[in-house]
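No experiment lies behind these values; they were computed from the predicted model shown. Both ligands and their constituent atoms are indexed starting at 1 by order of listing.
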Amino acid sequence: MTSSPSRPRRSLLYMPGDKAKVLEKAKTLPADTLMFDLEDAVAPDNKPAARDAVAAATKAGGYGAREIVIRINGLDTDWGQADLQAAVAAGPDAILVPKVETGADIHALDAALTKAGAPDTLGLWVMIEMPKAVLNIHEIAAAAETTRLAAFVMGTNDLAKEYRALWTPDRIAFQTALSLSVAAARAYDLLAIDGVYNDIQNLDGLRAECEQGRTLGFDGKTLIHPAQIEITNEVFSPAPEDIAQAHAVIAAFALPENAGKGVIKVNGKMTELLHLDQARQTVAIAAAITAMDHAGQS
Ligand code: COA
Ligand code: MG
């Protein structure tokens with residue numbers, strides 16, 4: 001699978017799968033991706049009802065251009081196998097699996113998806129939220145070469161619990177996990193999605209954490225409340241001046257006098273062919289965002 005920016009993944013909103021009203025409300029929200037959750041947000045007694053509600057909502061559709069991801073319970077739980085069958089049958093864009101720890105886990109999940117009849121186009125996304133996943137991040141990412149693996153989603157709440165670490169505004173306890181996950185994702189052409197920000201009322205704190213995630217290289221951020229979408233979309237969109245510079249770089253390298261050159265000056269800045277690659281990526285992401293916004297996600 002490729003993580004090329006054919007669609008934006010700035011804002012990825014989780015919602016509890018057993019809340020019908022919330023699944024309905026999502027049809028009106030400007031999130032790029034909707035994450036229908038069967039795992040952490042659903043109490044054990046409600047797991048079967050959530051599975052049925054999420055499968056029905058996914059099949060019924062009405063979510064416009066928004067990407068649909070179903071987070072199932074782990075295959076080693078009482079609910080995981082039934083979740084996987086129901087999720088594959090419902091036909092989302094991707095299935096998100098929690099608590100993976102090894103490359104072998106990825107191969108086993110991919111085989112289970114194939115056995116359940118999943119098409120090759122179904123994305124396998126996994127949560128990076130276990131200490132062993134952080135230590136095994138290279139072999140987990142490398143499994144993408146022969147499987148559907150397409151994205152890493154940081155599970156910072158579970159990481160905090162497992163590490164026995166404290167959350168601080170600078171997220172110092174998680175910096176290693178965050179940066180290693182981005183490095184491994186990029187090495188194997190995976191999406192890298194940042195963890196959630198729990199303090200729903202604190203929009204300044206959310207913005208700071210979005211900016212930190214963007215600085216670290218993440219494509220977007222998982223969210224827990226609609227009030228978090230707008231800021232996240234803004235921070236993870238290329239800034240207008242960056243888009244203008246990208247167009248200038250592409251135009252400059254296209255000039256006949258710059259043909260065959262490896263380094264030129266554009267608007268006073270040293271610009272190499274690697275910057276041309278980056279410029280093309282920025283323009284592609286900006287175009288994907290414009291297309292998404294024009295689709296109105298509806
Ligand atoms: N997705 C879609 N809609 C949501 C939403 C979400 N994650 N969270 C809240 N809403 C909706 C509510 O249904 C409500 O809709 P309404 O105005 O039509 O009635 C509106 O947004 C305002 O909600 P609010 O009253 O502020 O929040 P709440 O007290 O109902 O819910 C939470 C708070 C934290 C329980 C809820 O936001 C939530 O469940 N978040 C997701 C949790 C999750 O999925 N966790 C797993 C991953 S970490
Ligand atoms: Mg978790």
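Residue contact annotation: Glu39 places no N/O/S atom under 2.8 Å from the Mg ion (ligand 2).
Distance CD/Gln81 to CG/Leu84: 6.5 Å, rounded to 0.5 Å. Here the CD1-CG distance, from Ile231 to Asp204, works out to 7.5 Å after rounding to the nearest 0.5 Å. Put simply, NZ on Lys261 and CG on Leu276 are 14.5 Å apart, with the number rounded to the nearest 0.5 Å.
Not a single heavy atom of Asp40 sits closer than 4.0 Å to an atom of ligand 1. Heavy-atom separations between Pro226 and ligand 1 include at least one value shorter than 4.0 Å. Residue contact annotation: Arg71 has a non-hydrogen atom under 4.0 Å from ligand 1. Residue Thr222 places every heavy atom at 4.0 Å or more from ligand 1.
Here Glu129 contributes OE1 and Asp158 contributes OD2, and at the Mg ion (ligand 2) these two atoms make an angle of 90°, given to 10°.
Counting non-hydrogen atoms of neighbouring residues, nucleotides and ligands closer than 6.0 angstrom, the CD atom of Gln201 reaches no more than 12 such neighbours. Atom CG of Leu203 has more than 12 heavy atoms from other residues, nucleotides or ligands within 6.0 Å.
When all heavy atoms of Ala65 and Ala295 are compared, the pair lying nearest together is CB-CB, 4.0 Å.
Looking at Asp18 and Arg51, no side-chain N of the basic residue comes within less than 4.0 Å of a carboxylate O on the acidic one, giving no salt bridge. With respect to the salt-bridge test (charged N to carboxylate O, under 4.0 angstrom), the residues Glu39 and Lys47 do not qualify. Taking the charged nitrogens against the carboxylate oxygens, Asp32 and Arg9 have no contact shorter than 4.0 Å, which rules out a salt bridge. A salt bridge links Arg10 to Asp293: at least one charged side-chain nitrogen sits closer than 4.0 Å to a carboxylate oxygen.
Within the 4.0 angstrom cut-off, atom 45 (N) of ligand 1 has one or more protein heavy-atom neighbours. Protein heavy atoms are found less than 4.0 angstrom from atom 2 (C) of ligand 1. The presence of a protein heavy atom under 4.0 Å from atom 30 (O) of ligand 1 is ruled out. Distance remark: protein heavy atom not present below 4.0 angstrom from atom 25 (O) of ligand 1.
Scanning the protein for heavy atoms near atom 36 (C) of ligand 1, the closest one is Ile224 O, 4.1 Å. Nearest protein heavy-atom neighbour of atom 32 (C) of ligand 1: Ile200 CD1, 4.8 Å. Of the protein's non-hydrogen atoms, His225 NE2, 3.8 Å is the one closest to atom 22 (C) of ligand 1. Given atom 35 (C) of ligand 1, the protein heavy atom at minimum distance is Lys19 NZ, 3.9 Å. Nearest to atom 20 (C) of ligand 1 among the protein's heavy atoms is Lys25 CE, 4.1 Å.
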List the steps and the verdict of salt bridge (Lys or Arg N to Asp or Glu O under 4.0 Å) for Asp194 and Arg171.
CA-CA 12 Å; Asp194 202 355; Arg171 295 197 293 177; 2.8 Å; yes
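In summary, the aromatic rings of Phe253 and His275 are positioned with their centroids too far apart to meet the 6.0 Å limit. Note: Phe36 and Tyr63 meet the aromatic proximity criterion, with ring centroids under 6.0 Å apart.
Between Lys221 and the options Gln228, Glu209, Gln212, a side-chain hydrogen bond (donor to acceptor under 3.5 Å, both in side chains) holds for only Glu209.
Summary: OD2 is the N/O/S atom of Asp40 found nearest to the Mg ion (ligand 2).
Ligand 1 places these atoms under 4.0 Å from at least one heavy atom of Val22: 1 (N), 2 (C), 3 (N), 4 (C), 6 (C), 13 (O). In the vicinity of Pro16, heavy-atom distances shorter than 4.0 Å reach the ligand 1 atoms 39 (O), 41 (C), 44 (O). Below 4.0 Å from some heavy atom of Asp37 lie the following atoms of ligand 1, by number and element: 46 (C). Residue Ala41 approaches ligand 1 through these ligand atoms, each under 4.0 Å from one of its heavy atoms: 43 (C), 44 (O), 45 (N), 46 (C). Set against the non-hydrogen atoms of Leu13, the atoms of ligand 1 under 4.0 Å away are 1 (N), 2 (C), 7 (N).
When only interatomic distances are considered, the shortest N/O to N/O separation between Lys21 and ligand 1 falls below 3.5 Å.
With a 4.0 Å heavy-atom cut-off, ligand 1 is reached by no atom of Asn157.
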